[in-house]
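Convention: sequence-line order gives letters A, B, ...; per-chain numbering from 1. The structure presented is a predicted model; accordingly, all values stated were derived computationally and were not measured.
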4 protein chains.
Amino acid sequence: MKINRNRLHEIIFEAETREGKMFDLILMAAILVSVVVVILDSVASVRLRYHMLFITLEYIFTGLFTIEYALRIYSVKSPVRYITSFFGIIDLISILPTFLAILVPGAQSLLVIRIFRLLRIFRVLKLSRYHKASYYLIRSLQASRHKIFVFLATVLTIVVIMGALMYLIEGADSDFTDIPTGIYWAVVTITTVGYGDISPVTALGQMMASFLMIVGYAIIAVPTGIITAEIVRTGKFDNTISCPNCSKEGHDSMASYCKYCGHKL
Amino acid sequence: MKINRNRLHEIIFEAETREGKMFDLILMAAILVSVVVVILDSVASVRLRYHMLFITLEYIFTGLFTIEYALRIYSVKSPVRYITSFFGIIDLISILPTFLAILVPGAQSLLVIRIFRLLRIFRVLKLSRYHKASYYLIRSLQASRHKIFVFLATVLTIVVIMGALMYLIEGADSDFTDIPTGIYWAVVTITTVGYGDISPVTALGQMMASFLMIVGYAIIAVPTGIITAEIVRTGKFDNTISCPNCSKEGHDSMASYCKYCGHKL
Amino acid sequence: MKINRNRLHEIIFEAETREGKMFDLILMAAILVSVVVVILDSVASVRLRYHMLFITLEYIFTGLFTIEYALRIYSVKSPVRYITSFFGIIDLISILPTFLAILVPGAQSLLVIRIFRLLRIFRVLKLSRYHKASYYLIRSLQASRHKIFVFLATVLTIVVIMGALMYLIEGADSDFTDIPTGIYWAVVTITTVGYGDISPVTALGQMMASFLMIVGYAIIAVPTGIITAEIVRTGKFDNTISCPNCSKEGHDSMASYCKYCGHKL
Amino acid sequence: MKINRNRLHEIIFEAETREGKMFDLILMAAILVSVVVVILDSVASVRLRYHMLFITLEYIFTGLFTIEYALRIYSVKSPVRYITSFFGIIDLISILPTFLAILVPGAQSLLVIRIFRLLRIFRVLKLSRYHKASYYLIRSLQASRHKIFVFLATVLTIVVIMGALMYLIEGADSDFTDIPTGIYWAVVTITTVGYGDISPVTALGQMMASFLMIVGYAIIAVPTGIITAEIVRTGKFDNTISCPNCSKEGHDSMASYCKYCGHKL
């Protein structure tokens, strides 16, 4: 029995064995198909024709994911830690809405929540060759989190103040009916999205808006600079080997000899 | 009495002591809540129900901020320098509108000005661990200010000329009623905001607009490049070793000798 | 006859000889003019006046490109490999629609496909001084393909989840009629395009949208950082010194010894 | 007389002497004020009230600029080279429209051309401390011109092909009335401007549009990477001094001693 559990854990949680890889591929396919079903089921014209098919598929997928969830709980050493982990919660959210929709009347609207299944893809990704790439990206973001926080605090402050000023300038009879609307407009503008559902009409308002746009256009350079600098730095230490002779570091990942003294690495 | 003033200064202006940190946290909370009150008070439906609560809260916050302002003036060595400093003015602007609204009839519209209180958050931030991050960002921006000025002058020139040309091409009967409107459109376009409230309809106008968009899309790379290069360079001097001879800092990570006095590091 | 084929290959496929360069220039001009004809022919007012001219020109260009296609097949060593190559298929797509439009009634709408001729420009570009520049760009993109894949997977996941959530929040009676529409809106928003044909009206929807915009505004920094770091790195190996011992290239500008075999450079 | 010409040249073309700087400042002010006049004169409500003032000011400025133009021709060694230079042509365009509007009836609409006066600002800028900053920016752009050309050629190809495909998909009865309109839409979309005056309505069209947006969002990273890498590289050689002892380069601009061997630079 003990071997069985270890074997199960290997297949379900890892991807080193042939069975483990196979399991991951099937799981990935099942997740993607079930997400497509959720999406298509929301389109009125498609639902009219295929609703029965979608419901059947949904029951099958929920059944499979429920068995998988049970096996995961069974095969891990600490079930509590798994259940309360990020992926444990996502796994539960993936199956819960379908059960709720059967038991509780009116819970149909919650079925959309099943879309969070898509996040399970990242568990599979975690085990693949994309792991290293994700790792570098996440490390770069973490290393620059203080700078990004300062940047976001600045942007949010600008957005709140500009939103309030535009409410004052354009007046409550314009598109800018209250400060929250003004703040929403300022976010739409500083991020250069620009829906155009709310836009200034007074000369002063248009001048303020122009100023905000140029600010938004210019300061996008700041997070880009922060993250680029961090990725450049992280990339440099891709290889931490130091020369056994001159102990200099910074060697290329393909290097076999020290580029400073010629000694074998 | 003298000790009392120093103690006060320590609590209000610094964050090294337990009381200083506590003061900062309470101040931050008070600022955020009072800003949320200003924002919510502008929403008609919310004001109808909670206006009395908002007014009461506002009086309490103004009272607290007034006491704080008085204590700040009392505890600093040079009150005049504090009052005329950036944060001194912001502190005054935070309390003035409420007093004015009581005294001067029709000054109600000025109440929005209280939103500038939000800037006081940055005083608290100044003393925290985000200080170093802000410092690097500001130094990077300062070091590249000449390049950014040249960039902005170029953008403004393009915007003015394109605005005038579009007014000429599209004609005064179109959305482009005058040159300022044309300039506003050019800013909306070159920054890639694109509201769509003003857009060209003639073939030549659309060609000019396409040209402007591609210019805007390409030259965003310039400020990004400037700031990134500066952040990469600033990051290189993260090295905190100071010279044992001249105690200057800012040495390259690979440096063995002080670049200012030649002493061994 | 054999020499003739080699000579033809030299003229058609290479650009080292005077005739080869001449051929490239004429081909490039023919491609550009024929693409302009396709574009203008779609404009109702222009077609009315010049349709006969456009048809005549199209027959001439199709004739020329057909002869060229035949000569290419004749002059290459392995015709099958050429025909199934990327440029071989583009060459066929450039002439096929015109023949189909004559033979099959109702195939007129396929004439737009001729626009793919434009891609043939890149064959000429491949042989010019822009080759090195393209080479660096493509190598930078290739080297960062894993990171870009992780980034795109993240963006697509955010977009699908946000699209579904907005459909839930705004309700099927709003602009967000189904999840695909929600996903389309999320793409329009996260990329900061912002048409404004679909936009949220509820307070919660606008808050979610603001969040998505700021996410989109901030994470554009990630691909920029990835590609910049790669271009900076690629640029470092601009150094064209090859090792006198193993003749490998790609040495760092400061390297004194070959990093592959340890020989002095 | 000869000295007089040299002196004039010094004052008008250079900024080293006190008179030269004074001349530049006055010229800059005159240019800015005259451009503001051109802009305000286009606003119907402002023109109604101040048209006479604007005409008077315009005659004064045109008079001054004409005298300046004559003096420039007089003081340069080679008048022909000056007249046919970039700034020579801009100087002429600055005064010509006013004369034409007097002589030729109906040339009023050409008055907008006077806006090109604004470009004269850059002559003044050329002589100031912003010169070095502009120089680095221009050198960075020049060094990366081949890569930028390849990038723009790629963008234009994508835009033309996508424009034609959308015309095919959405059909001539939609917003996409012809291929040029489709191309205009593709430019608006790939640059993330997104006016929303033209937008796809079919499912396939929206999918193609989503694809184009994500492409546009991702490839903006390419020019940014190119220019950033170039600015980083240009910045590195800000200082070309090599150590007289160990002859290593790459010293900081403020360095007095070699950071590698400690020798005086």
Side-chain angles (χ1 to χ4, degrees), chain A residues 35 38-40 42-44 109 112-113 115-116 118-119 121-122 125 129-130 132-134 136-137 140-141 148 151-152 155 180-181 183-184 187-188 190-197 216 220 223-232 235 251-252 254-264, chain C residues 144 146-151 153-154 157 160-161 163-165 167-168 172 177-183 188-189 192-196 199 201 203 206-207 209-210 213-214 216-222 224-226 228-230 232-233 250-252 254-264:
Chain A
V35 164
V38 173
I39 292 174
L40 289 180
S42 78
V43 185
S109 68
V112 170
I113 298 295
I115 207 85
F116 279 101
L118 193 55
L119 288 174
I121 290 283
F122 284 88
L125 221 63
R129 61 186 152 167
Y130 296 105
K132 205 183 151 194
S134 325
Y136 278 121
L137 289 182
S140 299
L141 287 173
I148 289 172
F151 172 74
L152 281 182
V155 167
T181 306
I183 294 173
Y184 171 67
V187 171
V188 170
I190 206 172
T191 57
T192 79
V193 170
Y195 285 138
D197 50 350
I220 180 69
T224 306
I226 295 168
I227 291 174
T228 304
E230 211 51 62
I231 292 177
V232 168
H251 300 292
D252 200 83
M254 288 175 302
S256 310
Y257 290 88
C258 175
K259 63 185 172 187
Y260 299 107
C261 72
H263 196 278
K264 206 167 180 351
Chain C
S144 42
H146 287 304
K147 283 178 193 149
I148 289 172
F149 179 87
V150 170
F151 172 74
T154 310
T157 305
V160 169
I161 289 178
L165 285 183
Y167 165 70
L168 188 64
T177 49
D178 45 44
I179 297 181
T181 305
I183 294 172
V188 169
T189 299
T192 79
V193 170
Y195 286 139
S199 61
V201 288
Q206 292 188 340
M207 279 173 67
S210 301
M213 285 170 213
I214 289 181
Y217 184 61
I219 64 174
I220 180 69
V222 174
T224 306
I226 295 167
T228 304
E230 212 51 63
V232 168
R233 190 191 312 222
H251 300 292
D252 199 83
M254 288 176 304
S256 311
Y257 291 89
C258 175
K259 65 185 171 187
Y260 299 107
C261 71
H263 196 277
K264 210 169 180 344

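Contact count against chain C (heavy-atom pairs under 4.5 Å) is highest for A:Thr192 among A:Thr192, A:Val188, A:Ile226. Most heavy-atom pairs under 4.5 Å with chain A: of the set C:Gly194, C:Ala218, C:Gly163, this distinction falls to C:Gly194. Of all the listed residues (A:Val112, A:Leu141, A:Val35, A:Ile113), the one sharing the greatest number of non-hydrogen pairs under 4.5 Å with chain C is A:Val112.
Heavy-atom distances place the side chain of A:Leu152, and not its backbone, under 4.5 Å from chain C. Contact of C:Val160 with chain A is made through backbone and side chain together, with heavy-atom distances under 4.5 Å. When heavy atoms are compared at a cutoff of 4.5 Å, A:Ile183 does not approach chain C at all. Of the two parts of C:Thr177, only the backbone, made up of N, CA, C and O, holds a non-hydrogen atom closer than 4.5 Å to a non-hydrogen atom of chain A. Residue C:Ile148 does not touch chain A at all, counting heavy-atom pairs closer than 4.5 Å. No part of C:Ile219 comes within reach of chain A, as not one of its non-hydrogen atoms sits under 4.5 angstrom from that chain.
No donor-acceptor distance shorter than 3.5 angstrom exists from the side chain of A:Thr228 to the backbone of A:Gly225, with no hydrogens or angles considered. No side-chain donor-acceptor contact under 3.5 Å links A:Thr191 to the backbone of C:Tyr217. Side-chain atoms of C:Tyr167 do not come within 3.5 Å of backbone N or O of A:Ile39 as any donor-acceptor pair.
Aromatic ring orientation, A:Tyr184 versus A:Tyr195: tilted (interplanar angle from 30° to 60°).
Minimum heavy-atom separation, A:Leu119 to C:Ile161: CG-CD1, 3.7 Å.
A distance of 9.5 Å separates CD1 in A:Ile231 from OG in C:Ser144, rounded to the nearest 0.5 Å.
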- Query: Should A:Ile227 and C:Thr224 be marked as a side-chain contact (heavy atoms from CB on, under 4.5 Å) after you check the CA-CA gap, both sets of side-chain angles, and the distance that decides it?
  - Reply: CA-CA 9 Å; A:Ile227 291 174; C:Thr224 306; over 6 Å; no
